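Only one structure is covered here, and it is reproduced in the block below.
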Amino acid sequence: MAGLTELLGRPSVEVAPLLLGAVLRHDHPDGPVAVRLTEVEAYAGTQDPGSHGFRGRTERNATMFGPPAHLYVYFVYGMHHCANVVTGPEGECGAVLVRAGEVVEGLELARTRRPPARRDAELAKGPASLCRALGIGPGHDGADLVAGPVTLTPADRPAAQVSTGPRVGLRHAADRPWRFWVTGDPTVSRYVPAKPRPAR
DNA sequence: CCCATGATACTCT
DNA sequence: GAGTATCATGGGG
């Protein structure tokens with residue numbers, strides 16, 4: 001499969017399924033942890049009511065408007081961080097949320113970051129869990145995925161079987177089937193619809 | 001089912 | 001400016 005720069009620079013919806021099987025790795029002083037991606041979601045910027053970029057560029061989402069192959073890390077629900085791969089094309093605010101994966105290196109370190117003890121398949125299940133297992137935090141917003149220490153290596157071959165469905169937890173544009181996952185993989189997170197707005 | 005927890009962005013109550 | 005609804009979640013009962 002192509003290198004990272006050939007893979008990115010195209011619309012996020014096109015890129016997202018191709019990232020399944022790619023390996024996101026963080027070389028940290030405590031040791032490396034690497035995750036093989038099994039679940040992602042595409043966000044299409046200013047054209048997508050579900051995207052942080054829908055209402056234009058702000059201080060928070062500025063990274064998504066920047067060049068591809070960088071990490072957009074955001075803080076949500078007052079306690080969690082989630083990470084996206086910025087895809088481009090530049091100026092279009094495309095990004096792919098990395099939602100889940102299998103820890104393929106650094107299991108011990110990943111476990112210490114995710115107390116209490118859990119099954120291996122749960123270590124990076126869900127976008128905030130994945131960031132915790134990898135030790136990705138607010139300091140990694142804007143990080144260059146080619147330079148490291150967080151790097152993304154494309155899959156050798158396309159995922160054998162890919163399922164698609166609506167994105168998790170969105171109230172807006174919940175109908176767009178832009179969540180992609182490796183069919184049947186035990187590390188894929190559960191689908192949770194958005195909390196309905198209270199009637200008025 | 002329910003809630004922790006705080007930044008963000010929107011509406012002026 | 002100040003007040004407030006919302007939130008690309010996870011863990012626990």
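Worth knowing before you read on, the calculation uses all heavy atoms, side chains too, and leaves out hydrogens, waters and symmetry mates. Everything quoted here is computed from the prediction, not taken from an experiment.
- Of the inter-residue distances, the one linking A/Cys131 atom SG with A/Arg113 atom CZ reads 11.0 Å to the nearest 0.5 angstrom.
- When the nucleotides C/dT6, B/dA4, C/dT9 are ranked by their closest atom to the side chain of A/Cys82, C/dT9 comes out on top.
- Here the nucleotide nearest the side chain of A/Thr58, chosen from B/dA9, C/dG10, C/dA8, is B/dA9.
- Nearer to the 5' terminus of DNA chain C, by closest-nucleotide assignment, is the contact made by A/Gly169 (compared with the other of A/Gly169 and A/Pro116).
- Note: A/Thr164 OG1 to A/Phe180 CZ = 6.5 Å, rounded to the nearest 0.5 Å.
- Among the atoms of the strands shown, base atoms are found under 4.0 Å from some heavy atom of A/Tyr77.
- Counting non-hydrogen atoms of neighbouring residues, nucleotides and ligands closer than 6.0 angstrom, the CZ atom of A/Arg118 exceeds 12 such neighbours.
- Checked by distance alone, A/Tyr74 brings no side-chain donor or acceptor within 3.5 Å of a matching partner on the base of B/dA7.
- The shortest distance between the side-chain N/O atoms of A/Ser189 and the OP1/OP2 oxygens of C/dT9 is not below 4.0 Å.
- Partner of A/His140 under the ring pair (Phe, Tyr, Trp, His ring centres under 6.0 Å) criterion, out of A/His81, A/His26, A/His28, A/His70: A/His26 alone.
- To the nearest 0.5 angstrom, A/Glu39 atom CD is 4.0 Å from A/Arg179 atom CZ.
- Remark: A/His52 is in phosphate contact with C/dA8, judged by side-chain N or O atoms under 4.0 Å from OP1 or OP2.
- The C1' atoms of C/dA8 and B/dC1 are separated by 23 Å, rounded to the nearest whole Å.
- Nucleic acid contact class of A/Arg118 (heavy atoms, under 4.0 Å, all strands): sugar-phosphate only.
- Put simply, A/Arg60 has no side-chain N or O that comes within less than 4.0 Å of OP1 or OP2 on B/dA9.
- Of the listed nucleotides (B/dA7, C/dT9, B/dA4), B/dA4 has the atom at the smallest distance from the side chain of A/Met79.
- Rounded to an integer number of Å, the gap from CZ of A/Arg57 to C1' of B/dT8 is 17 Å.
- Per the geometry, CZ belonging to A/Phe54 stands 14 Å off C1' belonging to B/dC10, to the nearest Å.
- When heavy atoms are screened at a 4.0 angstrom cut-off, A/Arg132 is found touching no nucleic acid atom at all.
- OP1 or OP2 of B/dA9 has not a single side-chain nitrogen or oxygen of A/Arg55 nearer than 4.0 Å.
- Listed candidates were C/dA8, C/dC7, C/dG10. Nearest to the side chain of A/His172 is C/dC7.
- Closest contact between the side chain of A/Met64 and the listed nucleotides C/dC7, C/dG11, C/dA8 involves C/dA8.
- Among C/dT6, B/dA7, C/dG10, the nucleotide with an atom closest to any side-chain atom of A/His80 is C/dG10.
- A/Arg190 has no side-chain polar atom (N or O) that falls below the 4.0 Å cut-off from OP1 or OP2 of C/dG10.
- In this structure, C/dT9 and B/dA4 make a Watson-Crick or G-U wobble pair, each of the two defining distances being under 3.5 angstrom.
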